[in-house]
2 protein chains.
Amino acid sequence: MSVSQEEVQRRLDHFRDVCTRAGMKLTHQRTEIFREVAQTVDHPSAQIVFELVRKRIPAVSLDTVYRNLSLLNDLGLITTLGPPRESARFDANVISHHHFVCTQCGTARDFHNRGFDELRPPIEVESMGSVETTHVELRGLCLRCKKKAKKEA
Amino acid sequence: MSVSQEEVQRRLDHFRDVCTRAGMKLTHQRTEIFREVAQTVDHPSAQIVFELVRKRIPAVSLDTVYRNLSLLNDLGLITTLGPPRESARFDANVISHHHFVCTQCGTARDFHNRGFDELRPPIEVESMGSVETTHVELRGLCLRCKKKAKKEA
DNA sequence: ATGGATGCAAACCATTTGCAGTGTA
DNA sequence: TACACTGCAAATGGTTTGCATCCAT
């Protein structure tokens, strides 16, 4: 249930490589923050990462954790779950459906697709729990943002 | 790009039915809050719903909107986008993958599936924007929560 | 009439930011 | 040495809560 030593090492090497290339300094706290995320299969919140890192560096501050997670995300070294952080969004369409989410502006649009509704979960998921609903999220640029990006280029 | 009159009416009827059955009062603000969500294809945030409702009921308060959206969600009359609202979660696994999310405790687990990676977006999505990534989110009860639920029953 | 619902204000929690001091390259 | 990075503290933004009043049933 945890990431193999070799994989963690590989991720750390990649991390150092990308940071150096981007001109980012390899500070103690930055390395430990990345290590914690790299060696777990969970998806820890910033708060959890903070608590884990604090075991090794008692003086770290929560905002350093936030700053680094955000930076690591920008560098593509880690990703976040769910739509880009924003406020909760509601939907009166309770029938099974899926979403197209714009990674730029965050707008979401529904679409229906029988095939997506009936996706068969792979067997390995059985060891995680029982699946009740299936939800496909397609991410990309909406027409408006694509147009805007083209205009600015 | 908006919900048909008949569908809105159908949703409102259902809303009244469910509320009454659940012993909830059909207040003016509650009805208008539901109507706003029911008649749009967008996925408005609580703030947006607040602004829309305020046009008709200038004295509504934001917390009434929050309370009602949460209640409507509990009654299954509306749903929220993405994983149950909580703090952002990070992931050092940057390779394309999918998630199993427990609706009870919120824990998320990765899994890989070539078939899911290669899902073809339906044609109608082309009118929304260009798809860059595909992400399947399976929701259900994780083993631990299922065990706990059984024990409590 | 009466218990649930509302409005107000204050509390809360996750996340962000300004600033002065610190450590890496 | 210089500039990015850190810790601290205070600010912000979304959401929740306590309480007195109000209104749908």
Side-chain angles (χ1 to χ4, degrees), chain A residues 12 15-37 43-54 56-75 77-78 80-90 106, chain B residues 12 15-37 43-54 56-75 77-78 80-90 106:
Chain A
L12 277 167
F15 156 77
R16 277 188 264 267
D17 189 42
V18 172
C19 280
T20 309
R21 224 180 278 273
M24 302 301 182
K25 295 184 178 170
L26 288 172
T27 62
H28 187 196
Q29 17 292 74
R30 178 165 298 159
T31 307
E32 292 308 311
I33 288 166
F34 179 76
R35 187 203 306 280
E36 286 301 345
V37 181
H43 302 280
S45 61
Q47 185 65 44
I48 301 278
V49 174
F50 171 59
E51 281 154 24
L52 292 170
V53 171
R54 190 149 59 159
R56 309 195 204 189
I57 313 178
V60 262
S61 68
L62 183 55
D63 50 280
T64 294
V65 173
Y66 273 110
R67 269 190 280 239
N68 277 293
L69 289 174
S70 159
L71 182 126
L72 293 170
N73 186 46
D74 290 346
L75 291 176
L77 289 164
I78 63 177
T80 61
L81 244 67
R85 138 173 50 295
E86 44 170 61
S87 46
R89 289 171 178 275
F90 302 89
Chain B
L12 276 167
F15 156 76
R16 277 187 264 267
D17 189 41
V18 171
C19 279
T20 309
R21 223 180 278 273
M24 302 301 182
K25 295 184 177 169
L26 288 172
T27 62
H28 187 196
Q29 21 286 78
R30 179 165 297 159
T31 307
E32 292 308 311
I33 288 166
F34 179 77
R35 187 204 305 280
E36 287 301 345
V37 182
H43 302 279
S45 61
Q47 185 66 46
I48 301 279
V49 173
F50 171 59
E51 281 155 24
L52 291 169
V53 171
R54 190 150 59 160
R56 309 194 204 189
I57 313 176
V60 261
S61 67
L62 182 54
D63 48 278
T64 295
V65 173
Y66 274 110
R67 268 190 282 240
N68 277 293
L69 289 174
S70 158
L71 183 125
L72 294 170
N73 186 46
D74 290 345
L75 291 176
L77 288 164
I78 63 178
T80 60
L81 243 66
R85 186 102 205 89
E86 42 169 64
S87 46
R89 290 173 176 274
F90 302 88

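In what follows, chains are A, B, ... by sequence order, proteins preceding strands, each numbered from 1.
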Novice: Report yes if at least one side-chain N or O of A:T64 is closer than 4.0 Å to OP1 or OP2 of D:dT6; otherwise report no.
Specialist: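 Checking A:T64 against D:dT6: no side-chain N or O falls below 4.0 Å of OP1 or OP2.
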Novice: Give the nucleotide from the list C:dG7, C:dT15, C:dG4 with an atom nearest to the side chain of B:S61.
Specialist: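 The listed nucleotide nearest to B:S61's side chain is C:dG7.
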Novice: Determine whether B:S45 and B:I48 satisfy the following criterion, side chain to side chain contact (heavy atoms under 4.5 Å, CB included), listing intermediate values before the conclusion.
Specialist: CA-CA 5 Å; B:S45 61; B:I48 301 279; 3.1 Å; yes
Novice: Looking only at the side chain of B:D63 (C-beta and beyond, no hydrogens), which of the listed nucleotides C:dA5, C:dT15, C:dC8 gets closest?
Specialist: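 From the listed options, C:dC8 comes nearest.
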Novice: Let me spell it out: for each of B:S70 and B:K25, pick the nucleotide of DNA chain D with the closest heavy atom. Which residue's pick is nearer the 5' end?
Specialist: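 Comparing both residues, the 5'-ward one is B:S70.
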Novice: In whole angstrom, give the distance that lies between atom CG of A:D74 and atom P of C:dT16.
Specialist: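 After rounding, the gap between these two atoms is 11 Å.
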Novice: Hey, could you give me the CG/CG distance between A:N68 and A:D74, rounded to the nearest 0.5 Å?
Specialist: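 CG of A:D74 is found 11.0 Å from CG of A:N68.
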Novice: Nearest-Å distance, CD1 (B:I48) to C1' (D:dG14)?
Specialist: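 So the two atoms are 13 Å apart, to the nearest Å.
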Novice: Evaluate the side chain to side chain contact (heavy atoms under 4.5 Å, CB included) criterion for residues A:L72 and A:V37: first the C-alpha distance (whole Å), next the side-chain angles of each, then the deciding distance (0.1 Å), finally the verdict.
Specialist: CA-CA 10 Å; A:L72 293 170; A:V37 181; 5.8 Å; no
Novice: How long is the straight-line distance from OG1 of B:T64 back to CG of B:L71, given to the nearest 0.5 Å?
Specialist: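 Going from CG on B:L71 over to OG1 on B:T64, the span is 12.0 Å.
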Novice: Has A:Q29 got a side-chain N or O lying under 4.0 Å from the OP1 or OP2 atom of D:dG7?
Specialist: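 Looking at the OP1 and OP2 atoms of D:dG7, one of them is under 4.0 Å from a side-chain N or O of A:Q29.
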Novice: B:Q47 CD to D:dT16 C1': how many Å, rounded?
Specialist: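 So the two atoms are 15 Å apart, to the nearest Å.
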Novice: Which one, C:dA5, D:dG7, C:dT15, comes nearest to the side chain of A:L62?
Specialist: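 The closest nucleotide is C:dT15.
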Novice: From CG of A:N68 over to C1' of C:dT16, roughly how many Å is that when rounded to an integer?
Specialist: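 Taking CG of A:N68 and C1' of C:dT16, I get 14 Å after rounding.
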Novice: Heavy atoms under 4.0 Å, any strand shown: does A:L26 hit a base, just sugar-phosphate, or nothing?
Specialist: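 Here A:L26 touches the backbone only, sparing every base.
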Novice: Return the nearest nucleotide to the side chain of A:Y66; candidates are D:dA24, D:dC3, C:dA14.
Specialist: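 For the A:Y66 side chain, the nearest candidate turns out to be C:dA14.
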Novice: In whole angstroms, how far is the P atom of D:dG14 from the CG atom of B:L69?
Specialist: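 That distance rounds to 14 Å.
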Novice: C:dT6, OP1 or OP2 - any side-chain N/O from B:T27 closer than 4.0 Å?
Specialist: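 Yes, B:T27 has a side-chain N/O under 4.0 Å of OP1/OP2 on C:dT6.
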Novice: Assess whether one donor atom and one acceptor atom, taken from the side chain of A:R67 and the base of D:dG7, lie less than 3.5 Å apart.
Specialist: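 Answer yes: a donor N or O sits under 3.5 Å from an acceptor.
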Novice: Figure out the CZ/C1' separation between A:R21 and C:dA25, and round it to whole Å.
Specialist: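 Between C1' of C:dA25 and CZ of A:R21: 17 Å.
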Novice: Just the rounded figure in Å: distance from C1' of C:dT15 to CG of A:L71.
Specialist: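 That distance rounds to 16 Å.
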Novice: Mind calculating the distance between CZ (A:F50) and C1' (D:dC8) to the nearest angstrom?
Specialist: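 Rounded to whole Å, this separation is 12 Å.
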Novice: For the pair B:E32 and B:R35, find out whether any cationic side-chain nitrogen is under 4.0 Å from an anionic carboxylate oxygen.
Specialist: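 Counted as a salt bridge, because a side-chain N and a carboxylate O are separated by less than 4.0 Å.
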